[in-house]
Amino acid sequence: MLTPLEWEALALSLRVSGIAVAAILLPGIALAYILARFDFPGKTLLDGVVHLPLVLPPVVVGYLLLVSLGRQSPLGQWLHETFDVSLPFTWQGAALAGAVMAFPLLVRAVRLSLEAVDRKLEDAARTLGAGRLKTFMTITLPLTLPGILTGGVLAFARSLSEFGATITFAANIPGETRTLPLALYSLVQTPGKEAAAARLCVISVVVALVALVTSEWLARRARHRLEGRHA
């Protein structure tokens, strides 16, 4: 049985990660499509910016979020005065930090899947009178589904494990922003909590492993269904 602390951290982590993935799913697919299908000036720079969170220290990403969305920043002030929204030190801020760190994984997985789609199928649909949107919805999107599922679950797992950007931008507030990694960090820093920290570590490993296995299972099932349609 999980303790109240473990349930609280797990439930908050699942909520934050779920909202993070939901927020980046459509933008991630759209951006992956643009990068996979179009050539334009600045494409290399855009690709680099998208993947920057993969190579930057997460604390740097959290600091940049804090500087750009804090109450003292122009954007942060505008959000607070116009919509009464303040993201730093809230669970919504934790979701934003997770979304930013997970976004490159989603875009990369979807882009690779898009690039593997046979362009001749899209050209055939165009020849038969289908527009770009209809071709995308009926041909490209179904064939890209395994990559979307894989990218979505990987993004979920990445958001679930996010620590540096979250603690910098959203802090470590019990019941508000203390996700699994932050709860584990707090226990490790507390004398006599070694057993509780070990339990939380096991929970984190199990949740991450379940996410990865689910990703592989969903991708295989989607591929099998597509192969069955074209058999």
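Every value quoted in this text rests on a predicted model; they were computed, and no experiment measured them. We're numbering straight along the sequence, starting at 1.
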Q) Does Arg126 CZ have over 12 foreign heavy atoms under 6.0 Å away? A) yes
Q.
Strictly distance-based, threshold 3.5 Å: is any side-chain N or O of Ser159 a donor or acceptor partner for the main-chain N or O of Ala155?
A. no
Q.
Applying salt bridge (Lys or Arg N to Asp or Glu O under 4.0 Å) to Asp47 and Arg111, what does each step give before you reach the verdict?
A. CA-CA 11 Å; Asp47 188 50; Arg111 180 181 178 181; 2.9 Å; yes
Q) Donor-acceptor pair, Glu216 side chain versus Val213 backbone, under 3.5 Å? A) no
**Q.** Check ion pair Glu81-Arg71 (N to O, under 4.0 angstrom)
**A.** no
Q. Looking only at heavy atoms, which two atoms of Ala211 and Ala157 are closest? And how far apart?
A. CB-CB, 4.1 Å
Q: Measure the shortest side-chain to side-chain distance between Thr166 and Glu162 over non-hydrogen atoms and say whether it is less than 4.5 angstrom.
A: yes
Q.
For Tyr63, is the OH atom crowded, meaning more than 12 foreign heavy atoms sit under 6.0 Å from it?
A. no
Q | Point-to-point distance, once rounded to the nearest 0.5 Å, from OG1 of Thr150 to CG of Leu105 | A | 11.5 Å
Q: Mind checking the CG-OG1 spacing from Leu149 to Thr214? Nearest 0.5 Å is all I need.
A: 11.0 Å
Q | Connected via hydrophobic side-chain network under 4.5 Å: Phe38 and Val107 | A | yes
**Q.** N/O donor-acceptor pair under 3.5 Å between Ser17 side chain and Leu160 backbone
**A.** yes
Q.
Run Leu143 and Leu114 through side-chain contact (heavy atoms from CB on, under 4.5 Å) and show every step you take.
A. CA-CA 8 Å; Leu143 293 175; Leu114 280 166; over 6 Å; no
Q: Please tell me if the side chains of Val153 and Leu212 come closer than 4.5 Å, counting only heavy atoms from C-beta onward.
A: no
Q) Tell me, do Leu87 and His80 make a side-chain contact under 4.5 Å, heavy atoms counted? A) no
Q) Leu209, Val21: one ILVMFWY side-chain cluster at the under-4.5 Å cut-off? A) no
**Q.** Point-to-point distance, once rounded to the nearest 0.5 Å, from CD of Gln77 to OG1 of Thr82
**A.** 10.5 Å
**Q.** Main-chain N/O of Ala109 paired with Ser113 side-chain donor or acceptor, under 3.5 Å
**A.** no
Q.
Between Lys43 and Asp39, does any NZ, NE, NH1 or NH2 come within less than 4.0 Å of an OD or OE carboxylate oxygen?
A. yes
Q) Mind checking whether Leu65 and Phe83 sit in one hydrophobic cluster, side chains of I, L, V, M, F, W, Y counted as touching below 4.5 Å? A) yes
Q: Identify whether Leu75 and Val100 are in the same connected component of the hydrophobic contact network (ILVMFWY, side-chain heavy atoms under 4.5 Å).
A: yes
Q) Should Leu14 and Phe156 count as side-chain neighbours, where that means a heavy-atom distance under 4.5 Å? A) yes
Q. If you round to the nearest 0.5 Å, how far is CZ of Phe40 from CG of Leu46?
A. 5.0 Å
Q | Rounded distance (nearest 0.5 Å) linking atom OG1 of Thr140 with atom CZ of Arg119 | A | 8.5 Å
Q) Is there side-chain contact between Ile29 and Phe136, with heavy atoms separated by less than 4.5 Å? A) yes
Q.
How close do Ala95 and Ile19 get, counting heavy atoms only, and between which atoms?
A. CB-CG2, 4.3 Å
Q) Below 4.5 Å, heavy atoms only, C-beta onward: do Ile167 and Tyr185 meet side chain to side chain? A) yes
Q: Using the rule that two of Ile, Leu, Val, Met, Phe, Trp, Tyr join whenever any of their side-chain heavy atoms come within less than 4.5 Å, decide whether Leu106 and Met101 are in one cluster.
A: no
Q | Leu180 vs Leu12, side-chain contact (heavy atoms from CB on, under 4.5 Å): CA-CA, chis, key distance, verdict | A | CA-CA 8 Å; Leu180 279 172; Leu12 180 60; over 6 Å; no
Q. In Å, rounded to the nearest 0.5 Å, how long is the span from CG of Leu200 to OG of Ser186?
A. 9.5 Å
Q) More than 12 non-hydrogen atoms from neighbouring residues, nucleotides or ligands closer than 6.0 Å to NZ on Lys134, yes or no? A) no
Q: Over all heavy atoms of both residues, which pair between Leu187 and Lys193 is shortest? Give the atoms and the distance, please.
A: O-CB, 3.5 Å
(Q) I need the minimum non-hydrogen distance between Pro53 and Val50, along with the two atoms involved. (A) CD-O, 3.4 Å
Q) So do Phe103 and Leu31 actually touch side chain to side chain, heavy atoms under 4.5 Å? A) yes
Q. Does Gln189 CD have over 12 foreign heavy atoms under 6.0 Å away?
A. yes
Q: Show your working on side-chain contact (heavy atoms from CB on, under 4.5 Å) between Leu69 and Phe169 and close with a plain yes or no.
A: CA-CA 9 Å; Leu69 294 173; Phe169 182 58; 4.1 Å; yes
Q) Do Glu176 and Thr90 get their side chains close enough for a donor-acceptor pair, meaning under 3.5 Å? A) no
Q. Does the side chain of Arg132 reach to within under 4.5 Å of the side chain of Thr135, using non-hydrogen atoms?
A. no
Q: Determine whether the side chains of Asn172 and Thr177 contain a donor N or O and an acceptor N or O closer than 3.5 Å.
A: no
Q | Criterion side-chain contact (heavy atoms from CB on, under 4.5 Å) on Leu154 and Arg108, from CA distance to verdict | A | CA-CA 11 Å; Leu154 287 177; Arg108 188 170 185 81; over 6 Å; no
Q: May I ask you to decide if Ser68's main-chain N or O and Ser73's side chain share a donor-acceptor pair within less than 3.5 Å?
A: yes
Q | Over all atoms of both residues, closest heavy-atom pair of Ala20 and Ala99 | A | CB-N, 3.7 Å
Q | Minimum heavy-atom distance Leu2-Arg199, with the two atoms named | A | CA-NH2, 3.9 Å
